[in-house]
Colleague: 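Dropping a structure here in structure tokens format, bear with me for questions.
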Amino acid sequence: MCPGIYLNNPENMKLEMKINRIIHIALTVAALLGVTFDGAALPYDFNKKAAIDSINKELAVVTSPTDSLVLLSNLFDLHPRQKRDSLGKMIYRLALATGNSHFGLDVVRNLGNNHQKSDSLLDIDIQHAMRFEPSDDRDETVTFLRMLRNTAKVNYSTEDEKEREFHRIVRMLNSSEEKDLYECIVLLHALCLYIGDGSQGELLSKYLDRLGGMIEQLRPEAYSLRNCYYVLASMSYANNEEYNKAIEMDHKLLELLDGLEDGILGQGRKYRDYDGNRYILYTRMLSYFPLLSQKEVERYYKEAMNLVEHDESANATNSVSGCPQIYYAMYNKDYAKALELLNKYRDMPYNAPKKEKLLKYTIKCAEKLGDNETLLAASREYNDILEDIINERTREKYKELQLVYDISGMKQAHADEARMLTRKAFVWALVAAGVLLVLLVTMWMFFRHARKLSKELRDTNEALRRESENLKISQAELTAARDEARNASRLKSDFIKNMSNEVAVPLHTINEYANLIIDCSEAGYKPYLKHFSELVALNSELLTTIVNDVLNLSEIDSHTLEVSRKKENLENLLDIAADSVRHRLHDGVTLRVENTGKEVNVVTDGRRLVQILVQLLTNAAKVTRDGEIVVSYDLDIEQGKMSVVVTDDGPGISAANSERIFERFVKLDRNSQGAGIGLSVARRMAQILGGTLRLDTEYQKGGARFVLTLPID
């Protein structure tokens with residue numbers, strides 16, 4: 001169970017289920033990615049395999065989300081970069097579900113490093129980071145991802161896109177809009193990248209120094225932002241031949257790596273490896289050997305060679321670089337060894353950016369050793385490269401001048417705009433002063449008029465106060481009247497229910513005693529008495545129907561009519577309704593239900609549907625003296641509706657009365673039986689069931705046709 005989560009809370013139970021599901025998915029994905037090994041198929045050495053097997057065993061029994069995050073993060077660290085995305089997303093989801101922003105933001109930063117070539121994926125990483133609670137760590141992570149996105153745009157945009165973005169950034173930096181420290185860092189970092197992409201010189205150093213001042217304002221734990229800046233500054237200062245600044249940046253990078261390792265290891269992240277980064281740093285610092293002391297050179301060389309011996313990544317890089325050995329031999333003036341190494345590594349693709357420097361060392365070694373052949377070949381190649389470098393530096397200077405011109409021009413435009421705004425502000429101030437004077441005069445005049453109106457206003461307020469008191473009294477009386485009306489309505493409903501119950505029992509007793517009298521009479525009197533018994537039963541049934549109609553009407557008005565929908569056989573319901581009214585038919589009248597013989601199921605309240613049909617059939621039986629009454633149905637599966645049609649051969653109903661017959665207490669024939677509320681109750685029940693009841697005014701064959709439409713489901 002998660003610490004601090006109690007299972008008697010339904011929300012916490014849902015959260016724990018979600019967390020457990022995320023852990024399970026993470027383990028499954030990890031297994032699919034090759035975290036569980038069954039041989040030597042994956043390119044991990046024995047120690048890494050043993051570590052991963054051990055983590056798998058711990059994951060199988062761990063119960064704490066924090067412990068799960070530590071173990072999954074260790075698996076993440078052991079994976080090669082190309083296989084980290086899926087596992088990283090699982091760690092992010094688990095961290096987000098448990099509110100653990102430390103692990104969540106750390107894995108988002110690592111995923112951002114994997115996505116450096118795609119600004120769209122970096123946008124998604126930024127959105128993921130923003131889902132955590134606001135904090136310095138979250139703001140720094142978002143800023144770091146935005147800086148990575150700056151790099152992606154510079155590296156993978158067209159020249160036109162770069163130029164538009166450069167001008168946009170300069171405008172934003174020069175604008176007077178207030179910006180926080182993180183926004184300034186992102187903008188200035190982008191500006192340095194765009195300047196460095198076109199030139200290397202004083203302009204770039206100037207803005208790098210400004211960016212460095214902002215970076216130093218951050219809290220010490222802002223490792224990712226400091227690392228991003230130090231790497232950019234170290235390489236840029238080196239390209240500008242400002243080696244002392246470059247060395248300072250590399251020293252800070254080493255200190256930063258020490259801080260990262262101490263922090264990570266303290267959180268159980270024992271597989272987070274920075275040895276490859278250290279090798280590159282030591283190699284770069286050895287390249288400044290003319291400026292280093294012997295102690296520093298010995299230390300950096302020893303550290304680099306130790307990493308080559310024990311770290312696979314450093315060993316692989318050194319096998320195609322050889323630069324630490326070259327710099328060390330040059331420092332010790334071991335020119336024979338240096339020349340041997342230079343001839344071996346100088347032309348390797350990895351060393352292409354250092355080709356000019358390595359050729360200079362080759363020329364120096366050949367001169368010292370008297371190797372004229374090597375000297376001549378290296379000098380020719382160096383001259384060709386030097387010519388390219390001079391041309392490139394010329395282009396860079398031109399580009400730098402153009403950038404300075406653009407920046408100065410935009411600053412001048414901004415200053416001109418500011419001066420124009422200042423002049424406009426002065427003009428508007430004069431206009432405002434004139435308007436203010438006019439307003440003061442107008443207000444003085446209004447003040448005199450207001451004093452005159454003040455007395456009238458007091459009198460009006462007093463009259464309104466008295467009127468308000470009268471309204472309050474009237475409101476109280478209306479409230480009392482409303483409550484009394486509600487109470488009367490409730491008493492009416494209760495009275496109707498009680499009367500219904502009181503009438504039902506005597507009617508039942510009358511029917512039973514009438515039947516008992518017939519059963520106890522002599523055989524000769526039975527036919528005569530049976531006729532009167534049937535009249536008693538018919539009138540009792542009529543009275544019961546009226547009482548039930550009134551009761552249903554009361555329930556409908558008070559919104560207490562019960563409806564219970566379930567699957568019903570439609571043809572059975574039609575037969576039940578027909579059988580309930582057959583005894584009311586006049587002699588010679590037939591009642592027919594058009595059944596298909598198939599089982600037709602609908603979802604509705606069967607009892608209420610039968611009530612509606614009984615009402616329609618009862619009315620039809622009263623008015624039909626000859627002919628037949630037909631009940632039929634039709635299903636519209638596409639519309640999800642059914643229609644039940646009741647047709648009689650009675651006198652019919654005119655179209656003018658098609659809606660009037662559904663009004664309460666309306667009887668077209670005042671001599672007919674009933675209270676005139678049956679059809680009103682039937683229509684309201686149809687509406688409650690989600691349907692309609694209407695008279696088919698287009699029916700012209702004599703008699704009347706009623707159409708009941710209800711949903712099938």
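Keep in mind it's a predicted model, so treat the numbers as computed, not measured.
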Colleague: Any sub-3.5 Å donor-acceptor pair from Arg608's side-chain atoms to Glu562's backbone N or O?
Modeller: yes
Colleague: Return yes if some donor-acceptor pair links the side-chain N/O of His189 with the main-chain N/O of Ile185 below 3.5 Å, else return no.
Modeller: no
Colleague: Look at atom CD of Glu462 and say whether more than 12 heavy atoms of other residues, nucleotides or ligands are closer to it than 6.0 Å.
Modeller: yes
Colleague: Which atom names give the shortest non-hydrogen contact between Leu187 and Ile169, and what distance separates them?
Modeller: O-CG2, 3.5 Å
Colleague: Show the nearest heavy-atom pair for residues Lys179 and Cys184, with the distance to one decimal.
Modeller: CB-SG, 3.9 Å
Colleague: Look up atom CG in Leu609 and atom CG in Leu708, then write down how far apart they are to the nearest 0.5 Å.
Modeller: 6.5 Å
Colleague: Quick check with a 6.0 Å cut-off and a 45 degree axis cone: is Arg138 positioned over the face of Phe132's six-membered ring?
Modeller: no
Colleague: Got Asp696 and Thr647 here, is their nearest side-chain heavy-atom distance under 4.5 Å?
Modeller: no
Colleague: Arg109: what forms a salt bridge (Lys or Arg N to Asp or Glu O under 4.0 Å) with it, not counting sequence neighbours?
Modeller: Asp106, Asp137
Colleague: Flag the pair Glu178 / Glu183 as yes when at least one side-chain heavy-atom distance between them is below 4.5 Å, and no otherwise.
Modeller: no
Colleague: Quickly, which of Leu148, Val186, Leu218 forms a side-chain contact (heavy atoms from CB on, under 4.5 Å) with Thr143? Name it, please.
Modeller: Val186
Colleague: For a 4.5 angstrom cut-off between non-hydrogen side-chain atoms, does Leu173 reach Tyr207?
Modeller: no
Colleague: Has Glu469 got more than 12 heavy atoms of other residues, nucleotides or ligands less than 6.0 Å from its CD?
Modeller: yes
Colleague: Step through the shown structure and confirm whether more than 12 heavy atoms of other residues, nucleotides or ligands are within 6.0 Å of CD on Glu133.
Modeller: no
Colleague: When rounded to the nearest 0.5 angstrom, what is the spacing between CE in Met130 and CD1 in Ile126?
Modeller: 9.5 Å
Colleague: What's the shortest heavy-atom distance between Asp605 and Ser564, and which atoms?
Modeller: OD2-N, 2.6 Å
Colleague: For residues Val581 and Ile629, determine if any side-chain heavy atom of one lies less than 4.5 Å from a side-chain heavy atom of the other.
Modeller: no
Colleague: Should Glu659 and Arg694 count as an ion pair when the cut-off is N to O under 4.0 Å?
Modeller: no
Colleague: Looking at Val614 and Ser580, what are the two nearest heavy atoms and their distance?
Modeller: CG2-CB, 4.1 Å
Colleague: Are Phe706 and Ile653 side-chain neighbours, meaning at least one heavy-atom pair lies under 4.5 Å?
Modeller: yes
Colleague: Counting only heavy atoms not in Asp123, do more than 12 fall under 6.0 Å of its CG?
Modeller: yes
Colleague: Val644 and Leu613: which non-hydrogen atoms are nearest, and at how many Å?
Modeller: CG1-CD2, 3.6 Å
Colleague: Got a salt bridge between Glu568 and Arg607, using NZ or NE/NH1/NH2 to carboxylate O under 4.0 Å?
Modeller: no
Colleague: Please determine whether side chain to side chain contact (heavy atoms under 4.5 Å, CB included) holds for the pair Asp634 and Val645, giving the CA-CA distance in whole Å, both sets of side-chain angles, and the decisive distance to 0.1 Å.
Modeller: CA-CA 8 Å; Asp634 180 54; Val645 180; over 6 Å; no
